[in-house]
K.L.:
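Quick one: the structure is below, and I'll ask about it shortly.
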Number of protein chains: 2
Amino acid sequence: MTSLEALCVQRGLRLTEHRRIVLEVLEAADDHPCVREIHRRAADGHRIGIATVYRTLNTLVEAGLVKRQAFPDGKAHYERAGRPSHPHLIDVATGTIVEIDDVGLESLLEQEARKLGYNLVDYSLKLFARSR
Amino acid sequence: MTSLEALCVQRGLRLTEHRRIVLEVLEAADDHPCVREIHRRAADGHRIGIATVYRTLNTLVEAGLVKRQAFPDGKAHYERAGRPSHPHLIDVATGTIVEIDDVGLESLLEQEARKLGYNLVDYSLKLFARSR
DNA sequence: CTAAATGCAAATCATTTGCAAAGAG
DNA sequence: CTCTTTGCAAATGATTTGCATTTAG
């Protein structure tokens, strides 16, 4: 049983083709597409409205299957969740996003949160940089 | 000469009362206000339209006097630039934003960027955490 | 005076929502 | 069949822009 099927069973949701497609697009993505782009990929060969993509992504984010990130372009970008968080490098000249291997920050960040009386749930690290 | 005056001289911009007010609001802020909030504070005792606040903030961001941050609420939040970057902790239950002292990441991040062939310009680190 | 800055309202973008039609169980 | 999901278009909220008016230099 896939995690999507599990989600649907647990939440009393219907397992629709559209939900499968959106999740597949994110499984296949090695970048961080915005909604418009996810819709473009999902609509390739299928009939799916952009409102459905928005609704599906919200469902998947709530379920924890997908992660939403606020990017400086003012749009939300998405990626499949489950993998550990990792930093992103953003080329300030071109907007290109590069994934970075975890530099071993997680435990450091956990300590920092604990000091303030919190438990770390997740983190987001963006490096803004210029190519040389 | 303030940095705002310097900005205006260097760029051939006019030093207006509105620009002074918006920058003052951010100087005085110890939080990360959104545009609506900056306008509220700036309009206290003054006559200033929200479009002017948007335009002024864009000018100040371009000039590097102010920093814009994309927050998960979908709005841009602003703070006075010039201080070193610092992480933010976001309480996932309430949305409260807590500033964290720099944990000495900068040189680590610079190395990381360099490895990829980039020079670090700035960074943004958000910890999502739950109070305990 | 003259060009830049402002206010207001209309325009634009991302995202959400209402409602009738289509589909899952 | 019944209730959820979808598509479309209209609604919403943040941000930008056009234009006539005001103002700094």
Side-chain angles (χ1 to χ4, degrees), chain A residues 1-2 4-23 25 32-40 42-63 65-78 95, chain B residues 1-2 4-25 32-63 65-78 95:
Chain A
M1 176 147 86
T2 67
L4 178 59
E5 290 174 74
L7 159 67
C8 292
V9 170
Q10 288 164 23
R11 306 270 229 93
L13 299 177
R14 288 181 181 171
L15 179 53
T16 68
E17 189 58 12
H18 291 138
R19 286 183 177 141
R20 201 191 307 277
I21 292 167
V22 168
L23 199 57
V25 165
H32 302 76
C34 63
V35 175
R36 191 174 277 299
E37 178 60 25
I38 293 169
H39 178 242
R40 188 172 302 127
D44 182 42
H46 300 89
R47 166 181 168 66
I48 179 170
I50 197 159
T52 299
V53 176
Y54 274 105
R55 278 187 279 232
T56 302
L57 285 169
N58 285 339
T59 302
L60 296 174
V61 167
E62 276 171 46
L65 297 188
V66 163
K67 228 183 314 186
R68 189 203 327 265
Q69 306 239 10
F71 271 88
D73 64 0
K75 294 182 280 187
H77 290 241
Y78 296 81
Chain B
M1 178 148 84
T2 68
L4 178 58
E5 290 174 74
L7 158 67
C8 292
V9 171
Q10 289 164 23
R11 305 269 229 94
L13 299 177
R14 290 180 180 171
L15 179 54
T16 69
E17 189 59 13
H18 291 138
R19 286 183 178 143
R20 201 191 307 277
I21 292 168
V22 168
L23 199 58
E24 262 168 27
V25 166
H32 303 75
C34 64
V35 176
R36 191 174 276 300
E37 179 60 26
I38 294 169
H39 177 242
R40 188 172 302 128
R41 297 180 195 179
D44 182 42
H46 300 90
R47 166 182 167 67
I48 179 171
I50 198 160
T52 299
V53 175
Y54 273 105
R55 279 189 278 231
T56 301
L57 285 168
N58 285 339
T59 301
L60 296 174
V61 168
E62 276 171 46
L65 298 188
V66 163
K67 229 183 315 185
R68 189 204 327 263
Q69 306 240 8
F71 271 89
D73 64 0
K75 293 182 280 187
H77 290 241
Y78 295 82

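For clarity, every value in this text was computed on a predicted model and none was experimentally measured. So you know, we letter chains A, B, ... as the sequences are listed, proteins then strands, and number each from 1.
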K.L.:
Rounded at 0.5 Å granularity, tell me how far NE2 in A/His18 sits from CZ in A/Arg55.
P.N.:
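The distance works out to 11.0 Å.
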K.L.:
Over how many whole Å does the gap from B/Arg19 atom CZ to C/dA5 atom C1' extend?
P.N.:
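Checked: the CZ to C1' distance equals 7 Å.
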K.L.:
Walk along nucleotides 20-25 of chain D from 5' to 3' and tag each nucleotide B, S or - by protein heavy-atom contact under 4.0 Å, base first, then sugar-phosphate.
P.N.:
---BBS
K.L.:
Once you round it to whole Å, what is the distance between P of D/dT15 and NE2 of B/His39?
P.N.:
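Result: 14 Å.
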K.L.:
A/Tyr78 OH to C/dA14 P: how many Å, rounded?
P.N.:
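From A/Tyr78 OH to C/dA14 P: 13 Å.
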K.L.:
Are the side chain of A/His39 and the backbone N or O of A/Ala51 linked by a donor-acceptor pair below 3.5 Å?
P.N.:
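Such a contact is absent between A/His39 side chain and A/Ala51 backbone.
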K.L.:
First locate atom CG of B/Leu4, then atom CZ of B/Arg19, and finally report the distance between them rounded to the nearest 0.5 Å.
P.N.:
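Going from the CG atom of B/Leu4 to the CZ atom of B/Arg19 covers 8.0 Å.
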K.L.:
Could you check how far NZ of B/Lys75 sits from P of C/dT16, rounded to whole Å?
P.N.:
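Value for this atom pair: 14 Å.
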K.L.:
For D/dG7, take OP1 and OP2 only and decide whether either is under 4.0 Å from a side-chain N or O of A/His18.
P.N.:
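Checking A/His18 against D/dG7: at least one side-chain N or O falls below 4.0 Å of OP1 or OP2.
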K.L.:
I need the B/Leu65 CG to B/Tyr78 OH distance, nearest 0.5 Å.
P.N.:
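Interatomic distance, B/Leu65 CG to B/Tyr78 OH, rounded to 0.5 Å: 14.0 Å.
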K.L.:
Can you give me the closest heavy-atom contact between A/Cys34 and A/His77, atom names plus distance?
P.N.:
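For A/Cys34 versus A/His77, the nearest heavy atoms are N-ND1, 3.9 Å.
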K.L.:
Roughly how far apart are A/Glu62 CD and A/Leu7 CG, rounded to 0.5 Å?
P.N.:
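The CG atom of A/Leu7 is 10.0 Å from CD of A/Glu62, to the nearest 0.5 Å.
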K.L.:
Take atom CZ of B/Arg36 as the centre, draw a 6.0 Å sphere, and report whether it contains more than 12 heavy atoms from other residues, nucleotides or ligands.
P.N.:
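Result for CZ/B/Arg36: open.
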K.L.:
Let me know the distance between CZ of A/Arg40 and P of C/dA14, rounded to the nearest Å.
P.N.:
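Atom-to-atom, A/Arg40 to C/dA14, this comes out as 11 Å.
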K.L.:
So, does B/His46 use its side chain to make a donor-acceptor pair with the main chain of B/Arg41 at under 3.5 Å?
P.N.:
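No, because the side chain of B/His46 does not come within donor-acceptor range (under 3.5 Å) of the backbone of B/Arg41.
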K.L.:
In whole angstroms, how far is the P atom of C/dT12 from the CZ atom of A/Arg36?
P.N.:
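From A/Arg36 CZ to C/dT12 P: 14 Å.
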K.L.:
Roughly how many Å is it from CZ in A/Arg68 to C1' in C/dA14, rounded to a whole number?
P.N.:
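The answer, rounded to whole Å, is 12 Å.
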K.L.:
Can you name the residues that form a ring-ring contact (aromatic ring centres under 6.0 Å, His included) with B/His32, not counting sequence neighbours?
P.N.:
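Only B/His88 meet the ring-ring contact (aromatic ring centres under 6.0 Å, His included) criterion with B/His32.
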K.L.:
Identify, residue by residue, the members of residues 44-61 of chain B with a heavy atom below 4.0 Å from DNA chain D, and return them in order of residue number, or none.
P.N.:
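Here the set is B/Ala51, B/Tyr54, B/Arg55, B/Asn58.
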K.L.:
Without decimals, in angstroms, what is the distance between A/Arg20 CZ and D/dT6 P?
P.N.:
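Answer to the nearest Å: 12 Å.
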